[in-house]
Asker: 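Encoded as structure tokens, here's the structure I'll be asking about.
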Amino acid sequence: MNAEIFLQVDNYISDFLAPEDKALTDTIKSLNEEGLPQHSVSANQGKFLQVMMIACNAKKVLELGTLGGYSTIWLARALPPDGKLITIEADNHHGAVAWKNIHNAGLSHKVDLRIGKALDILPEIIEQHEEPFDFIFIDADKPPYTEYFNYALQLSRPGTIIVCDNVIREGKVLDENSADEKVQGVQRLNKMLSENENITATILQTVGSKEYDGMAIAVVNRTA
Ligand code: SAH
Ligand code: DHB
Ligand code: MG
């Protein structure tokens, strides 16, 4: 078992179940051309997000961390015709690249891209008394993941699914003495998930075309 077979099997799965069209491959290309990091989810992870969205009949989606819009395109494509997605991105340049890619994918009418730090924008969304979101994808900077998750809960209803990317970090979460702020951020989140009685959560390890990592999946519990 090694990275090579994980990659080959990832490609085997995506060839069947998550083929990329030109809008998606152009988005990945734009990251290199515009100097953005290759931190997008993989095709199979994009498809996984769609499966989760359809399982909870998601019409209203919130994403933290847009980058070039690759995950945004997967998410927006799984919305019904009247569905809406708000995606938050702190970096102006990333936002501009993402908007172009979302427009090229024909999805700009469904996507509301908010430029700013998630910790500034989330309280604004709460003040605007938005209807609760059905599905929330947390994939911005890692140190404040616990704060992001708490905001996500405030914007949720029973049944809302919250997915958090990159919570295993090549297994570095096992190191209780890690000095890496990203690792510390996801360790805090994972501990909080284990203690929070209002949600039911698990973590799936992810292997394949991306670094070895994991996604946390939480569903907000029914009340009583
Ligand atoms: N979801 C994307 C990848 C996101 S990478 C995909 O799978 O295609 C993480 C993104 O979060 C980067 O674009 C980064 O600029 C952004 N980010 C970093 N700090 C942030 C913050 N405080 N608020 C919002 N976005 C932030
Ligand atoms: C990083 C962030 C991501 O969202 C990702 O999927 C992979 C790596 C990072 O900041 O290191
Ligand atoms: Mg990520």
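Both ligands and their constituent atoms are indexed starting at 1 by order of listing. Because the structure is a prediction, the values reported are computed rather than measured.
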Asker: Decide, yes or no, whether a salt bridge links Glu147 with Arg188 under the criterion of side-chain N to carboxylate O below 4.0 Å.
Answerer: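 Arg188 and Glu147: salt-bridged.
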
Asker: Which protein heavy atom lies closest to atom 6 (C) of ligand 1, and at what distance to 0.1 Å?
Answerer: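 Result: Ser71 OG, 3.0 Å.
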
Asker: So which heavy atom in the protein is nearest atom 20 (C) of ligand 1, and how far is it from that ligand atom?
Answerer: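 Looking only at protein heavy atoms, the one closest to atom 20 (C) of ligand 1 is Asp141 OD1, 3.2 Å.
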
Asker: Checking side-chain hydrogen bond (donor to acceptor under 3.5 Å, both in side chains) between Thr66 and each of Thr87, Asp139, Asn101, Asp91, which is the one that passes?
Answerer: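 The side-chain hydrogen bond (donor to acceptor under 3.5 Å, both in side chains) with Thr66 is passed solely by Thr87 among Thr87, Asp139, Asn101, Asp91.
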
Asker: Determine whether the side chain, the backbone, both or neither of Gln38 has a heavy atom under 4.0 Å from any heavy atom of ligand 2.
Answerer: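 For Gln38, there is no contact with ligand 2 at all, from either part.
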
Asker: Can you tell me the protein heavy atom closest to atom 7 (C) of ligand 2 and the distance?
Answerer: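 Of every protein heavy atom, Asn166 ND2, 3.5 Å lies nearest to atom 7 (C) of ligand 2.
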
Asker: Assess the pair Tyr12 and Phe16: is the distance between their ring centroids shorter than 6.0 Å?
Answerer: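 Yes, the ring centres sit under 6.0 Å apart.
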
Asker: Kindly compute the distance separating CG (Leu79) from CZ (Arg77), expressed to the nearest 0.5 Å.
Answerer: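 Answer for the CG-CZ pair, Leu79 versus Arg77, is 12.0 Å.
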
Asker: State which residue, out of Gln45, His39, Glu63, fulfils the side-chain hydrogen bond (donor to acceptor under 3.5 Å, both in side chains) condition with Ser71.
Answerer: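 Single pass found, and it is Glu63.
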
Asker: Can you name the atoms of ligand 1, numbered from 1 with element, that are less than 4.0 Å from a heavy atom of Ala140?
Answerer: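 It comes down to these atoms of ligand 1: 11 (O), 25 (N), 26 (C).
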
Asker: Taking only heavy atoms of Val41, which atoms of ligand 1 are found under 4.0 Å from at least one of them?
Answerer: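 Going through ligand 1 atom by atom, the ones under 4.0 Å from Val41 are 6 (C), 7 (O).
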
Asker: Under 4.0 Å from a heavy atom of Leu67: which atoms of ligand 1 are those, numbered in the order shown and with their elements?
Answerer: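 Counting from 1, the qualifying ligand atoms are 2 (C), 3 (C), 4 (C), 5 (S), 13 (O).
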
Asker: Taking only heavy atoms of His39, which atoms of ligand 1 are found under 4.0 Å from at least one of them?
Answerer: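 Checking each atom against His39, I get 3 (C).
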
Asker: Using a 4.0 Å heavy-atom threshold (strictly under), name the region of Thr66 that reaches ligand 1: side chain, backbone, both or neither.
Answerer: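 Just the backbone.
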
Asker: Counting non-hydrogen protein atoms only, what is the nearest one to atom 23 (N) of ligand 1? Give residue, atom name and distance.
Answerer: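 Among all protein heavy atoms, the one nearest atom 23 (N) of ligand 1 is Ala118 N, 2.9 Å.
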
Asker: Considering just N/O/S atoms, say which atom of Asp165 is closest to the Mg ion (ligand 3).
Answerer: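 Among the N, O or S atoms of Asp165, the one closest to the Mg ion (ligand 3) is OD2.
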
Asker: Among protein heavy atoms, which lies nearest atom 9 (C) of ligand 1, and at what distance?
Answerer: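 Its nearest protein heavy-atom neighbour is Asp139 O, 3.2 Å.
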
Asker: Give me the residue, atom name and distance of the protein heavy atom closest to atom 2 (C) of ligand 2.
Answerer: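 Answer for atom 2 (C) of ligand 2: Lys142 CE, 3.4 Å.
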
Asker: Please check if the side chain of Gln187 supplies one atom and the backbone of Asp175 the other of a donor-acceptor pair under 3.5 Å.
Answerer: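 It does hold such a pair.
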
Asker: Just need the protein heavy atom nearest to atom 10 (O) of ligand 2, so name the residue and atom and give the distance.
Answerer: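 Residue, atom and distance for the closest contact: Lys182 NZ, 2.9 Å.
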
Asker: Which of the atoms of ligand 1 are close to Lys117, meaning less than 4.0 Å from one of its heavy atoms?
Answerer: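 Going through ligand 1 atom by atom, the ones under 4.0 Å from Lys117 are 23 (N).
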
Asker: Using modelled atom types only, decide if a donor and an acceptor are shared between the side chain of Lys84 and the backbone of Val111 within a distance under 3.5 Å.
Answerer: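 Absent.
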
Asker: Let me check your reading of the structure: within less than 2.8 Å of the Mg ion (ligand 3), is there an N/O/S atom from Asn166?
Answerer: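 It does: Asn166 brings an N, O or S atom closer than 2.8 Å to the Mg ion (ligand 3).
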
Asker: Hey, what do you get for CG (Leu67) to NE2 (His94), rounding to the nearest 0.5 Å?
Answerer: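 Output value for this atom pair is 6.0 Å.
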
Asker: Give yes or no for whether the N/O distance cutoff of 3.5 Å, strictly under, is met between Phe137 and ligand 1.
Answerer: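 No - when backbone and side-chain N and O of Phe137 are compared with those of ligand 1, no distance drops under 3.5 Å.
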
Asker: What part of Asp165, side chain, backbone, both or neither, has a heavy atom within less than 4.0 angstrom of ligand 2?
Answerer: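 Asp165 to ligand 2: side-chain contact only, backbone stays beyond 4.0 Å.
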
Asker: Is there a path of hydrophobic side-chain contacts, each under 4.5 Å between heavy atoms of I, L, V, M, F, W or Y residues, that connects Leu204 with Met52?
Answerer: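 Cluster IDs for Leu204 and Met52 match.
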
Asker: So is Lys210 close enough to ligand 2, meaning a heavy atom under 4.0 angstrom away?
Answerer: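 Under 4.0 Å: no for Lys210.
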
Asker: Under a 4.0 Å heavy-atom limit, does Trp74 contact ligand 1 with its side chain, its backbone, both, or neither?
Answerer: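 Under 4.0 Å from ligand 1, Trp74 contributes no heavy atoms.
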
Asker: In terms of residue, atom name and distance, what is the protein heavy atom nearest to atom 12 (C) of ligand 1?
Answerer: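 Among all protein heavy atoms, the one nearest atom 12 (C) of ligand 1 is Glu89 OE1, 3.6 Å.
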
Asker: So Asp21 and Thr25, do their side chains get closer than 4.5 Å, heavy atoms only?
Answerer: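 A side-chain contact is absent here, since even the closest heavy-atom pair is not under 4.5 Å.
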
Asker: Checking one value in my table: which N/O/S atom of Asp139 lies closest to the Mg ion (ligand 3)?
Answerer: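 Atom name returned: OD1.
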
Asker: Salt-bridge test for Arg114 and Glu124: reply yes if a basic N is under 4.0 Å from a carboxylate O, no otherwise.
Answerer: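 Between Glu124 and Arg114 there is no salt bridge, as every charged N stays at least 4.0 Å from the carboxylate O atoms.
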
Asker: Taking only Lys NZ, Arg NE, NH1 and NH2, and the carboxylate oxygens of Asp or Glu, determine whether Glu195 and Lys191 approach each other closer than 4.0 Å.
Answerer: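 Salt bridge between Glu195 and Lys191, a charged N being under 4.0 Å from a carboxylate O: yes.
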
Asker: Mark yes or no for whether Asp10, through its side chain, and Ser209, through its backbone, hold a donor-acceptor pair below 3.5 Å.
Answerer: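 Judged by distance alone, yes, a pair lies under 3.5 Å.
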
Asker: State plainly whether the residues Asp120 and Lys117 are in salt-bridge range, i.e. N to O under 4.0 Å.
Answerer: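 The answer is no: the pair does not qualify as a salt bridge.
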
Asker: Please confirm whether Gly65 comes within less than 3.5 Å of ligand 1 when only nitrogen or oxygen atoms on both sides are compared.
Answerer: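 The answer is yes, given that Gly65 and ligand 1 share an N or O pair closer than 3.5 Å.
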
Asker: Tell me, which protein residue and heavy-atom name are nearest atom 24 (C) of ligand 1, and how many Å apart are they?
Answerer: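 Result: Ala90 N, 3.4 Å.
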
Asker: Pairs of nitrogen or oxygen atoms closer than 3.5 Å, one from Gly69 and one from ligand 1: do any exist?
Answerer: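 Looking only at distances, the answer is no, because the N/O contact criterion of under 3.5 Å is not met.
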
Asker: May I ask you to say whether Arg157 pairs ionically with Asp134, meaning some side-chain N is under 4.0 Å from a carboxylate O?
Answerer: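 Yes.
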
Asker: Under 4.0 Å from a heavy atom of His94: which atoms of ligand 1 are those, numbered in the order shown and with their elements?
Answerer: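 Ligand 1 atoms under the 4.0 Å threshold to His94: 12 (C), 13 (O), 14 (C), 15 (O).
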
